[in-house]
Enquirer: 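Attaching a single structure in structure tokens format; questions to follow.
Only heavy atoms go into these numbers, but all of them, side chains included; no hydrogens, no water, no symmetry mates. Note that this is a predicted model, so its numbers are computed, not measured.
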Amino acid sequence: RLIERLNKGLHGKLTLISAPAGFGKTTLVSEWLAPPSGLPARPVAWLSLDEGDNDPTRFLTYLIAALQTIMANIGEGVLGVLQSPQPPPIESILTALLNEITAIPDNFILVLDDYHVIDSKPVDEALTFLLEHLPPQMHLVITTREDPQIPLARLRARGQLTELRAADLRFTPAEAAEFLNQMMGLNLSEDDVAALEKRTEGWITGLQLAA
């Protein structure tokens, strides 16, 4: 049911998967992007973020490295400018990068995983600029434990945002039963499954620990 929603969201600019730890955000995206998932085949660039990426130069350097897994030479000139003693404003750098991205022939997905580690206004502003000028063949996916400081309301109003939150990621009673009895091999009664689903509120890490 979630993969179906993710597939439908590809018509917009951004898919945001925002929920606390242990809800399976990264696992969901990995499963969605692994064939066969019903997703039309398209290249994927994946960037797993850490605290060091709060530096905008480092953030853009790794962003370009991720894009180079799709198109080998993309952003080489931009990398050179980034590493110069006095780089130009970030918007100029991003504009040059966006011009190169438009040359990528196929529709593709860029995943920014664990965006909650970012606490940097310049990086948020760079991401906002990127989203506002996103080429049509590019779709952005963000996984995070808290909403990023980007104009989500504007994207939502334009129908450009797909959101999955904790309530969406919780396992339904039927899914909890399948996980506990088939995946974990517990052969629990319907009442036991219902009790566990209620106690964990469908939180997959809680179900796994209980199992």
Enquirer: Tell me, with the steps shown, if Arg170 and Glu197 meet salt bridge (charged side-chain N to carboxylate O under 4.0 Å, His left out).
Expert: CA-CA 9 Å; Arg170 296 186 196 282; Glu197 192 274 333; over 6 Å; no
Enquirer: Taking Glu146 for its side chain and Ser18 for its backbone only, find out whether a donor-acceptor pair lies under 3.5 Å.
Expert: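 Not at all, since once roles are kept as given, no pair shorter than 3.5 Å links the two residues.
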Enquirer: Would you find a donor on one side and an acceptor on the other, under 3.5 Å apart, between the side chain of Trp46 and the backbone of Ala66?
Expert: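 No, Trp46 side chain to Ala66 backbone: no donor-acceptor pair under 3.5 Å.
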Enquirer: To the nearest 0.5 Å, what is the distance between OG1 on Thr26 and CG on Asp114?
Expert: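 Going from the OG1 atom of Thr26 to the CG atom of Asp114 covers 5.0 Å.
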Enquirer: Would you call Glu132 and Lys13 a salt bridge, using N to O less than 4.0 angstrom?
Expert: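 No, no charged N to carboxylate O under 4.0 Å.
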Enquirer: So does Ile104 get a backbone contact from the side chain of Gln137, meaning a donor-acceptor N/O pair under 3.5 Å?
Expert: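 The answer is yes, because a donor-acceptor pair under 3.5 Å joins these two groups.
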Enquirer: For the side chain of Ser189 and the backbone of Asp192, is there at least one donor-acceptor N/O pair under 3.5 Å apart?
Expert: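 A pair under 3.5 Å: yes.
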Enquirer: Which distance, rounded to the nearest 0.5 Å, do you find between the CZ of Arg158 and the CG of Leu155?
Expert: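 Reported value, rounded in 0.5 Å steps: 7.0 Å.
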Enquirer: Looking at Gly75, is its backbone amide N or carbonyl O close enough to the side chain of Glu100 to form a donor-acceptor pair, meaning the two atoms are under 3.5 Å apart?
Expert: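 Here the side-chain-to-backbone pair exists.
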Enquirer: Answer yes when Asp168 and Arg5 have at least one side-chain N-carboxylate O distance shorter than 4.0 Å, and no when they do not.
Expert: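 The answer is yes: the pair qualifies as a salt bridge.
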Enquirer: Please report the shortest heavy-atom distance between Arg42 and Asn107, naming the atom on each side.
Expert: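 The answer is CB-O, 3.1 Å.
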Enquirer: Checking Asn7 side chain against Glu4 main chain: does a donor-acceptor pair fall under 3.5 Å?
Expert: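 Looks like no, no N/O pair under 3.5 Å.
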Enquirer: Grab the two heavy atoms, one from Ile74 and one from Gln68, that are nearest each other, plus how far apart they are.
Expert: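 For Ile74 versus Gln68, the nearest heavy atoms are O-NE2, 2.9 Å.
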Enquirer: Would you indicate whether the side-chain heavy atoms of Val111 and Val29 approach each other to under 4.5 Å?
Expert: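 Contact flag for Val29/Val111 side chains = yes.
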Enquirer: Mind telling me whether Phe179 and Phe171 have parallel, tilted or perpendicular rings, with 30° and 60° as the class edges?
Expert: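 Perpendicular.
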Enquirer: How close do Ala126 and Leu94 get, counting heavy atoms only, and between which atoms?
Expert: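 Minimum heavy-atom contact is O-CD1, 3.5 Å.
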Enquirer: Do Leu14 and Ile142 make a side-chain contact, defined as non-hydrogen atoms from C-beta onward lying under 4.5 Å apart?
Expert: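 Sidechains of Ile142 and Leu14: in contact.
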Enquirer: Return yes if some donor-acceptor pair links the side-chain N/O of Asp53 with the main-chain N/O of Asp50 below 3.5 Å, else return no.
Expert: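 The answer is yes, because a donor-acceptor pair under 3.5 Å joins these two groups.
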